[in-house]
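The figures here come from the full heavy-atom set of this structure, side chains too, leaving out hydrogens, waters and symmetry mates. Predicted model only: the values in this text are computed from it and were never measured.
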Amino acid sequence: RGPVGVSGLSHKARTAPAPWCSHGLVGTSAWDRLATGQDQTRAGRQALGVGMPPTVWDSRLGTGCWRAAGRGVAFTHSGPPSQRQWRWAAVLACGPRAALTGDAGMIEHGVRRVPLSGFDVALPAGKHLTTALVGPVPLLLHRVSALPSLLHTGRGLPLLTPHGATLHAAAWASTDRAAELRLALAVQQRVTAVPLLRSALTLLPALPRRTLIRRALDELELGAHAQSELDFLRFCRRYDLPRPDELQVLVRAGGTRYLDGRYRRQKVALEIDGAYHLWVEAWSAAASPGRGWLGLLSAYCSPSRSMPFFL
């Protein structure tokens, strides 16, 4: 292989100029189609594929008209890149069979409030894991054996399905609690569903945190769609307390209301989190009128507390 320039393109791969303007602007329909589909983010191999001479690529980067995103990847503008352009750059930097997954994949699918810890990119099993990206968060590469079965179709940016990306985000999260949060966010916002997550989990037998993920899916199926509710169920397991019979209970008595949970046999309603539920005035409003409940159990769960406290 010939020497590699600062642009990341091999000088050996340079070919004679195709139909390009003398001042370096692109004028081919192939490039125009590429330009409209990748949010102004390009890979050097794509430029060579449509006939751009490497000298033009180097010139656009050298003069500041384009902005380098890493080895062989550039934004075709000089301004600050958007988050979606960085997601494109992460995938393009890893080759033609790479796909976005994890936190960034969840965000691309529309999940809100996901803390972005890095650009997770899935690669086929056996592919060499070396690349470079100058981005706002680290580029994290992973070999995924079931990659073809989890690829999402119908979008320009190559990425995994919502359930595949969510499972990866949970498996690679920094803590168990952060893993549960990602599962809860995806299900709560209806980006994916528990049955789809269970089905995708069977395709990933070596996925970390499988036991925790299966347990979290059971709790999400019970109705826990918030981190505070998952915290309460963890508290019940830790101290061998009975689990609520149901969560997110719809009550229609004098209007539509929701209870966070209830114990049917004990006739106790459960409200989790929020100082509002500690007000005496709120007890009668939160209880189920006409149902004969003996009392209201209010659990205030906070990450800073070792355990909830109750009224």
Measure the spacing between [atom1] of [X] and [atom2] of [Y] and express it to the nearest 0.5 Å.
X      : Y      : atom1 : atom2 : value
Leu197 : Thr161 : CG    : OG1   : 9.0 Å
Leu212 : Asp176 : CG    : CG    : 4.5 Å
His142 : Thr101 : NE2   : OG1   : 7.5 Å
Asp245 : Tyr263 : CG    : OH    : 8.5 Å

Presence of salt bridge, Arg84 and Asp39, under 4.0 angstrom:
yes

Run the salt-bridge test on Arg234 and Asp231 with the 4.0 Å N-O cut-off and return the result as yes or no.
yes

Give me the ring orientation class for His109 and His152: parallel if the planes are under 30° apart, tilted from 30 to 60°, perpendicular past 60°.
perpendicular

Is the Phe235 ring parallel, tilted or perpendicular to the Tyr239 ring (thresholds 30°, 60°)?
tilted

Report yes or no: do [X] and [Y] belong to one cluster of Ile/Leu/Val/Met/Phe/Trp/Tyr joined by side chain heavy-atom distances under 4.5 Å?
X      : Y      : result
Val187 : Leu222 : no
Leu141 : Val73  : yes
Leu100 : Leu160 : no
Val194 : Leu201 : yes
Leu185 : Leu159 : yes

Using a 4.5 Å cut-off on heavy atoms from C-beta on, say whether the side chain of [Y] contacts that of [X].
X      : Y      : value
Leu48  : Pro54  : yes
Leu157 : Glu108 : yes
Arg113 : Gln188 : yes
Ser199 : His163 : no
Leu139 : Cys94  : yes
Arg215 : Glu180 : yes
Ser82  : Trp88  : no

More than 12 heavy atoms of other groups within 6.0 Å of Arg97 CZ
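No, CZ of Arg97 has 12 or fewer neighbouring heavy atoms, counting only those of other groups under 6.0 Å.
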
For Arg190, is the CZ atom crowded, meaning more than 12 foreign heavy atoms sit under 6.0 Å from it?
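No - once you tally the heavy atoms of other residues, nucleotides and ligands closer than 6.0 Å, there are 12 at most.
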
Apply side chain to side chain contact (heavy atoms under 4.5 Å, CB included) to the pair Arg60 and Val56, showing each step before the final yes or no.
CA-CA 6 Å; Arg60 302 298 285 176; Val56 175; 4.3 Å; yes

Heavy-atom pair with the smallest gap, counting every atom of [X] and [Y]:
X      : Y      : answer
Val137 : Gly118 : CG2-CA, 3.7 Å
Arg243 : Leu233 : CG-CD2, 3.5 Å
Ala99  : Leu147 : CB-CD1, 4.3 Å
Arg209 : Ala173 : NH1-O, 2.8 Å
Met106 : Ala169 : SD-CB, 3.5 Å
Leu123 : Ala98  : CD2-CB, 3.4 Å

Can you list every pair that meets ring pair (Phe, Tyr, Trp, His ring centres under 6.0 Å) and has a residue in residues 190-220, with sequence neighbours left out?
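Pairs touching residues 190-220 that pass the test: none.
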
Report the C-alpha separation of Trp57 and Trp66 in whole Å, then their side-chain angles, then the decisive distance to 0.1 Å, and conclude whether the side chain to side chain contact (heavy atoms under 4.5 Å, CB included) test is met.
CA-CA 9 Å; Trp57 177 278; Trp66 291 357; 3.7 Å; yes

Run the side chain to side chain contact (heavy atoms under 4.5 Å, CB included) check on Leu204 and Val144 step by step: do they pass?
CA-CA 8 Å; Leu204 302 167; Val144 178; 4.3 Å; yes

Yes or no on side chain to side chain contact (heavy atoms under 4.5 Å, CB included) for Trp172 and Leu140, after CA distance, side-chain angles and deciding distance?
CA-CA 10 Å; Trp172 303 329; Leu140 309 172; over 6 Å; no

Is there a donor-acceptor pair under 3.5 Å between the side chain of [X] and the backbone N or O of [Y]?
X      : Y      : value
Gln189 : Arg112 : yes
Arg182 : Ala178 : yes
Arg42  : Leu92  : no
Arg87  : Ile107 : no

